[in-house]
Amino acid sequence: MTQPATAAQQEAPTSATESAGEKESSRRTGLRWDVRTLSLLGVLAVLVVVGGITAPNQFLATSNLQLVLTQASVIGVVTVGMTFVITSGGIDLSVGAMVALASVWATTVATQEFGFAGILFTAVIVGVGCGLVNGLLIAYGRMVPFIATLAMLASARGLALQITDGSTQVVTVPSVLDLGARDSYILGIPPLVLIFAAVTVIGWLLLNRTTFGRRTVAVGGNAEAARLAGIDVRRQRLYLYLLSGLCCGIAAFMLIVLSGSGQNTNGNLYELDAIAAAIIGGTLLSGGRGTIIGSVLGVLVFTTITNIFALNNLETAVQQIAKGAIIVAAVLVQRRSMRGGDA
């Protein structure tokens with residue numbers, strides 16, 4: 001007589017099928033995002049060609065390329081933090097205001113008396129403090145991220161204006177100013193670019209090679225499922241907004257080095273640029289998937305477009321229209337990719 005199959009034997013084919021399906025899904029997802037990365041590299045290459053043709057003597061100059069990378073570095077650091085927040089299913093509209101507040105607080109006369117370390121510490125701690133407030137309101141106060149960070153945007157901007165009284169605070173600490181001087185370049189690379197590279201590498205490792213990154217993706221994909229799996233969703237969200245605040249503090253210090261001053265208008269529209277760069281880079285606005293490399297490429301694309309438009313004396317309005325068109329196209333591509341994945 002034929003013995004009936006055991007429960008384990010009956011479940012084995014099903015498990016194997018599910019495992020094979022998961023591997024196939026992962027393979028398709030990886031391929032889809034590899035194609036997106038290559039597409040962004042292609043867009044960047046086209047922009048370099050356009051810049052070389054329209055303003056060959058200016059765009060391809062070493063000093064201009066260094067400027068593009070330096071300008072991309074500041075918003076790039078903010079975008080790394082934003083990528084984590086969006087991947088978790090959240091949003092942070094206050095990043096620009098936090099950069100402004102951190103920069104003016106770190107450049108007051110009292111703070112500058114403590115020199116380089118005082119300015120750096122103040123910028124970072126103010127950014128982290130703002131991120132802590134956002135995180136507590138969202139994670140434990142159960143406020144909608146849009147509302148909580150919008151409130152922080154208004155409050156931080158107002159406080160920055162109150163501290164400066166509308167004036168520019170000039171930095172007088174030589175060691176801070178020297179960091180932005182050409183003499184401080186390492187093998188022709190500005191120090192701010194090296195800081196951006198370090199933040200990018202750390203961010204990539206954190207998102208792709210650590211439990212923290214896997215929990216971030218899980219919370220963004222399905223917060224309730226993540227909670228049932230044993231993840232402390234509220235604490236994870238708090239950590240993510242702390243990380244965003246930390247990135248804003250670092251960016252504020254970089255902006256101080258770059259401009260040699262602190263102004264309440266610093267970081268204007270950084271929130272839109274960071275969100276846009278993350279989206280066109282492949283991070284899903286609905287959460288559950290994020291890519292640091294894609295976000296960095298998105299920042300480089302936007303910064304290069306801005307530089308090309310500036311060199312060709314095109315109006316700022318045209319730049320904004322072009323950015324808007326790129327964002328719409330990126331979202332449409334995302335939706336099409338999602339449909340293809342579901343199919």
Side-chain angles (χ1 to χ4, degrees), residues 63-81 94-127 130 153 156-186 189-199 245-274 277 299-300 302-304 306-307 309-311 316 319:
S63 59
N64 184 64
L65 295 178
Q66 290 172 333
L67 175 63
V68 171
L69 290 175
T70 302
Q71 291 176 336
S73 296
V74 180
I75 184 62
V77 170
V78 175
T79 303
V80 170
S94 64
V95 290
M98 288 194 291
V99 169
L101 180 58
S103 69
V104 300
W105 207 322
T107 53
T108 59
V109 175
T111 303
Q112 292 192 50
E113 291 180 355
F114 293 94
F116 184 99
I119 292 177
L120 175 60
F121 175 79
T122 302
V124 170
I125 204 66
V126 170
C130 292
L153 183 157
R157 281 288 178 194
L159 185 54
L161 179 60
Q162 186 176 31
I163 291 174
T164 61
D165 197 24
S167 61
T168 300
Q169 298 177 164
V170 179
V171 177
T172 58
V173 180
S175 56
V176 174
L177 299 175
D178 291 344
L179 193 60
R182 187 167 294 275
D183 293 339
S184 65
Y185 287 12
I186 301 173
I189 303 176
L192 298 187
V193 177
L194 296 176
I195 295 174
F196 176 36
V199 171
L246 173 62
C247 288
C248 288
I250 296 173
F253 177 76
M254 295 168 69
L255 196 57
I256 291 170
V257 172
L258 185 61
S259 64
S261 63
Q263 305 175 51
N264 67 285
T265 56
N266 282 344
N268 188 35
L269 296 182
Y270 271 20
E271 55 277 358
L272 298 183
D273 288 342
V299 169
L300 291 175
F302 276 134
T303 307
T304 304
T306 300
N307 183 257
F309 281 22
L311 292 178
T316 303
Q319 298 180 32

Counting only heavy atoms not in Phe121, do more than 12 sit closer than 6.0 Å to its CZ atom? no
Does atom CZ of Phe114 have more than 12 heavy-atom neighbours, drawn from other residues, nucleotides or ligands, at distances under 6.0 Å? no
[X] to [Y] - nearest heavy-atom pair and separation:
X: Gln169; Y: Thr107; answer: NE2-OG1, 2.8 Å
X: Gly127; Y: Ala102; answer: N-CB, 4.4 Å
X: Ala277; Y: Thr79; answer: CB-CG2, 4.0 Å
X: Asn264; Y: Gly166; answer: OD1-CA, 4.1 Å
X: Ala97; Y: Leu153; answer: CB-O, 3.4 Å
X: Thr111; Y: Ala106; answer: CG2-O, 3.3 Å

Residue pair Leu311, Asn64: steps toward the side chain to side chain contact (heavy atoms under 4.5 Å, CB included) verdict: CA-CA 10 Å; Leu311 292 178; Asn64 184 64; 3.9 Å; yes
Between side-chain atoms of residues 173-181 and protein atoms elsewhere (two or more places apart, or another chain), which donor-acceptor pairs fall under 3.5 Å?
none

Quick check for you: to the nearest 0.5 Å, what is the distance between [X] atom [atom1] and [Y] atom [atom2]?
X: Gln71; Y: Thr306; atom1: CD; atom2: OG1; value: 8.0 Å
X: Leu194; Y: Ser184; atom1: CG; atom2: OG; value: 9.5 Å
X: Leu161; Y: Gln263; atom1: CG; atom2: CD; value: 12.5 Å
X: Ile75; Y: Leu300; atom1: CD1; atom2: CG; value: 12.0 Å
X: Arg157; Y: Asn266; atom1: CZ; atom2: CG; value: 8.0 Å
X: Ile189; Y: Ile186; atom1: CD1; atom2: CD1; value: 8.0 Å

Do Glu113 side-chain atoms and Gly118 backbone N/O form a donor-acceptor pair below 3.5 Å? no
Close side-chain approach of Val124 to Phe253, heavy-atom, < 4.5 Å: no
Can you find a heavy atom in the side chain of Phe196 that is under 4.5 Å from one in the side chain of Leu69? no
Just to verify, which of Leu255, Val199, Val99, Leu246 counts as forming a side chain to side chain contact (heavy atoms under 4.5 Å, CB included) with Val77? Val199
Criterion side chain to side chain contact (heavy atoms under 4.5 Å, CB included) on Leu120 and Ile256, from CA distance to verdict: CA-CA 10 Å; Leu120 175 60; Ile256 291 170; over 6 Å; no
Given Met98 and Val95, is the side chain to side chain contact (heavy atoms under 4.5 Å, CB included) satisfied, shown in steps? CA-CA 5 Å; Met98 288 194 291; Val95 290; 4.2 Å; yes
Hey, mind stepping through Leu192 and Gln66 against side chain to side chain contact (heavy atoms under 4.5 Å, CB included) and telling me if it holds? CA-CA 10 Å; Leu192 298 187; Gln66 290 172 333; over 6 Å; no
